[in-house]
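Fair warning: this is a prediction, and the values are worked out from it, not measured in the lab.
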Amino acid sequence: MLQKPPAAPAGGGVLTQEEIVHIVFVAPEAYPVPPARGNSVEIYIWHLARQLAKNHRVTVISRAAPGLTRREAEDGVHHIRIRPGPAAIYARRAAAALRGLGADLCQVENRPLFLPVLKTACKGALVLNLHSMNFMPPTPVVRQALRQADAVLANSRYVHGVLRRRFPEAASRAHVLHPGADAERFSPRWSRAGQEGRRRLRALWGAGEDPVVLYVGRVIPRKGVDVLLRAMRLVRKRHPRARLVVAGGAWTRGAKPYHRYLTTLARPLGRSVRALGAVRHQRLPDVYAAADCLVCPSQEPEALGLVNLEAMSTGLPVVASGAWGIPEAVKDGETGLLVRRYRLPGALAAAVGRLLDRPETGQQWGRNGRRLIEDYFNWTRVGTDAERIYAAVLNGRARRQRNGDKRGHTRSGDRHPDHGEDTPEHAEDPLP
């Protein structure tokens with residue numbers, strides 16, 4: 001039976017990971033938990049909450065949505081769903097739900113401006129978990145909000161480095177916590193489940209034994225779908241049977257200028273391009289299994305790319321932009337290929353063509369990727385690392401409280417020395 005730890009361990013004792021009792025996650029205002037579609041922040045919360053619930057009491061506060069009850073317990077996680085609304089209103093509703101829960105630690109996902117509002121309702125430690133730097137401009141308002149956090153987590157060394165450069169005063173409170181992939185749900189394409197899903201979808205698509213290149217993500221300019229479409233025209237000169245499957249929004253019927261531009265680019269490719277539209281998260285494992293490689297052609301900062309981990313879990317080699325946090329997941333020449341000149345369709349086409357030229361190499365890289373998921377990028381490891389960080393945060397907070405800082409922060413106004421190694425962002429990065 002877990003015992004609730006005191007605010008300050010008696011006799012200078014240290015809290016252990018097993019003594020953290022109640023962890024509360026506050027999700028952003030945009031999507032519910034669990035996610036109906038592949039919204040990466042909500043997927044992260046869903047998996048980490050269920051992992052931590054094996055050892056602790058866990059509550060998730062997220063927005064209400066049709067088909068989801070306002071309060072329920074699932075897989076050991078208690079859900080409180082509140083009425084949606086603009087971010088400021090949603091934060092106040094989240095604070096009202098948080099008040100009285102007796103949380104030892106409240107983790108705020110990707111919304112620094114929620115911190116001051118939630119601080120009034122949280123008597124325990126307050127942690128900000130960053131999935132990107134899109135909501136972290138170096139403004140006085142964000143800087144002041146950041147002071148309320150006992151710790152800041154970054155989902156990659158890249159995000160950690162940007163955070164420390166923008167907010168050096170937060171350096172000693174910053175930690176890297178890489179995410180994971182669900183190795184059971186995203187089973188290898190050579191497994192029985194993977195083979196069944198592969199055969200079913202490829203038959204539906206009429207793909208036969210044709211090479212299938214896959215894109216999974218939002219269809220917006222910074223994700224580079226236009227570059228990929230232009231690259232596929234070059235790929236098909238050498239591999240005329242190659243197909244492109246886009247699992248993303250309904251861009252083929254979109255009225256936005258970018259969507260019309262993509263439709264124009266896709267027209268010469270004819271039926272070799274298949275647009276799946278929005279794909280429910282439950283269907284994504286089969287989509288990955290049916291492909292031969294994933295392409296992540298991001299054109300602007302990418303924190304890490306959950307799609308890369310999901311593809312690797314399925315045993316797919318990955319072709320991705322070789323910048324930002326992506327190389328922390330995709331190992332060049334081991335689990336896929338990194339494209340340094342990612343803005344050039346020719347460079348992207350050359351990498352895809354290299355994989356299609358050597359399918360045996362692609363299969364080996366896929367197996368390497370699966371092994372990396374099993375060894376490191378998995379939710380068991382994420383949960384253990386999170387518990388270790390939480391215990392350190394709570395112990396540090398208790399020490400500071402004993403030293404007279406009632407807020408739990410240092411007396412120096414959070415001007416901490418810049419420790420650690422500097423490393424040169426699904427806003428969230430939701431998938432379809």
Side-chain angles (χ1 to χ4, degrees), residues 1-2 4-5 15-28 31-36 38-62 72-81 101 103-110 124-125 127-131 151-156 175-187 281-282 284-285 303-310 312-314 328-329 370-394 426 428-429 431:
M1 180 71 68
L2 292 174
K4 184 176 179 63
L15 299 179
T16 65
Q17 295 174 191
E18 291 76 16
E19 292 176 307
I20 306 168
V21 175
H22 193 182
I23 302 165
V24 177
F25 291 86
V26 176
Y31 303 101
V33 178
N39 312 109
S40 63
V41 174
E42 288 70 29
I43 290 172
Y44 182 106
I45 299 169
W46 185 46
H47 283 297
L48 182 55
R50 292 188 302 163
Q51 183 64 38
L52 292 172
K54 296 176 181 179
N55 299 319
H56 312 284
R57 183 183 178 192
V58 177
T59 300
V60 173
I61 299 173
S62 65
E72 68 173 337
E74 182 182 16
D75 294 330
V77 178
H78 300 270
H79 290 272
I80 299 176
R81 299 186 177 99
L101 289 181
D104 294 299
L105 182 142
C106 175
Q107 181 159 305
V108 182
E109 302 293 332
N110 224 36
V127 174
L128 174 65
N129 188 23
L130 293 175
H131 300 254
V152 183
L153 308 183
N155 75 339
S156 65
H175 309 263
V176 175
L177 183 62
H178 283 128
D182 188 341
E184 293 185 7
R185 178 183 292 271
F186 293 94
S187 55
H281 189 57
Q282 298 92 319
L284 277 177
L304 189 78
L306 182 63
V307 295
N308 298 320
L309 300 184
E310 292 174 345
M312 289 161 56
S313 184
T314 317
E328 295 175 44
R370 172 69 186 191
R371 191 174 305 116
L372 186 56
I373 297 298
E374 293 172 346
D375 292 345
Y376 181 75
F377 285 107
N378 58 78
W379 290 108
T380 300
R381 190 273 310 162
V382 179
T384 299
D385 286 356
E387 288 177 319
R388 174 181 50 79
I389 293 171
Y390 296 162
V393 168
L394 290 170
H426 64 58
E428 307 134 312
D429 192 6
L431 303 182

- prompt: In this structure, are over 12 heavy atoms from other groups packed under 6.0 Å from Glu184 atom CD?
  reply: no

- prompt: About how many Å separate CG of Asn110 and CG of Leu128, when rounded to the nearest 0.5 Å?
  reply: 7.5 Å

Side-chain heavy-atom pair Val127, Val152 within 4.5 angstrom cut-off: no

task: Drop me the distance from His131's NE2 to Leu153's CG, to the nearest 0.5 angstrom.
output: 9.0 Å

query: Looking at Ala151 and Val393, what are the two nearest heavy atoms and their distance?
result: CB-CG2, 3.4 Å

message: Please check: side-chain N/O of Arg370 versus main-chain N/O of Ala183, any donor-acceptor pairing under 3.5 Å?
response: yes

task: Kindly indicate whether the side chain of His56, heavy atoms from C-beta on, has any atom under 4.5 Å from the side chain of Asp104.
output: no

- prompt: Will you find, in the side chains of Ser62 and His79, an N or O donor that is under 3.5 Å from an N or O acceptor?
  reply: no

field: Interatomic spacing from CD1 in Ile23 to CG in Leu101 - rounded to 0.5 Å
entry: 13.0 Å

- request: Determine the minimum heavy-atom distance between Cys106 and Val26, stating which atoms define it.
  value: SG-CG2, 3.7 Å

query: If we only count heavy atoms from C-beta on, is the Leu177 to Tyr44 side-chain gap below 4.5 Å?
result: yes

task: Find out whether Ile45 and Pro28 are in side-chain contact, i.e. whether some heavy atom of one side chain is under 4.5 Å from a heavy atom of the other.
output: yes

statement: Rounded to the nearest 0.5 angstrom, the NZ-CD distance for Lys54 and Glu387 is 10.5 Å

query: So, do Val33 and Val77 sit near enough that their side-chain heavy atoms are less than 4.5 Å apart?
result: no

task: State, with a plain yes or no, whether a side-chain heavy atom of His178 is found less than 4.5 Å away from one of Val382.
output: no

message: Within this structure, what is the CG-CG distance for the pair Asn129 and Leu48, rounded to the nearest 0.5 Å?
response: 8.0 Å

- prompt: Less than 4.5 Å apart, any side-chain heavy atom of Leu304 and any of Leu309?
  reply: yes

Partner residues of Thr384 under the side-chain contact (heavy atoms from CB on, under 4.5 Å) criterion, sequence neighbours left out: none

query: For Pro35 and His281, which heavy atoms make the closest approach, and how far apart are they?
result: O-CB, 4.5 Å

- prompt: Does the pair Glu310/Arg185 count as a salt bridge with the N-to-O cut at 4.0 Å?
  reply: no

statement: Residues passing the side-chain contact (heavy atoms from CB on, under 4.5 Å) test with His47, sequence neighbours excluded, are Ile43, Arg50, Asp182, Trp379

query: How many angstroms lie between CZ in Phe25 and OG1 in Thr59, if you round to the nearest 0.5 Å?
result: 10.0 Å

- request: Please confirm whether the backbone N or O of Phe186 pairs with a side-chain atom of Ser313, one donor and one acceptor, at under 3.5 Å?
  value: yes

message: Would the distance check show the side chain of Arg381 and the main-chain N or O of Tyr376 forming a donor-acceptor pair, the cut-off being under 3.5 Å?
response: yes

Minimum side-chain heavy-atom gap Val60-Trp46 below 4.5 Å: no

Check: Asn155 side chain, Pro179 main-chain N or O, donor-acceptor pair, under 3.5 Å: no

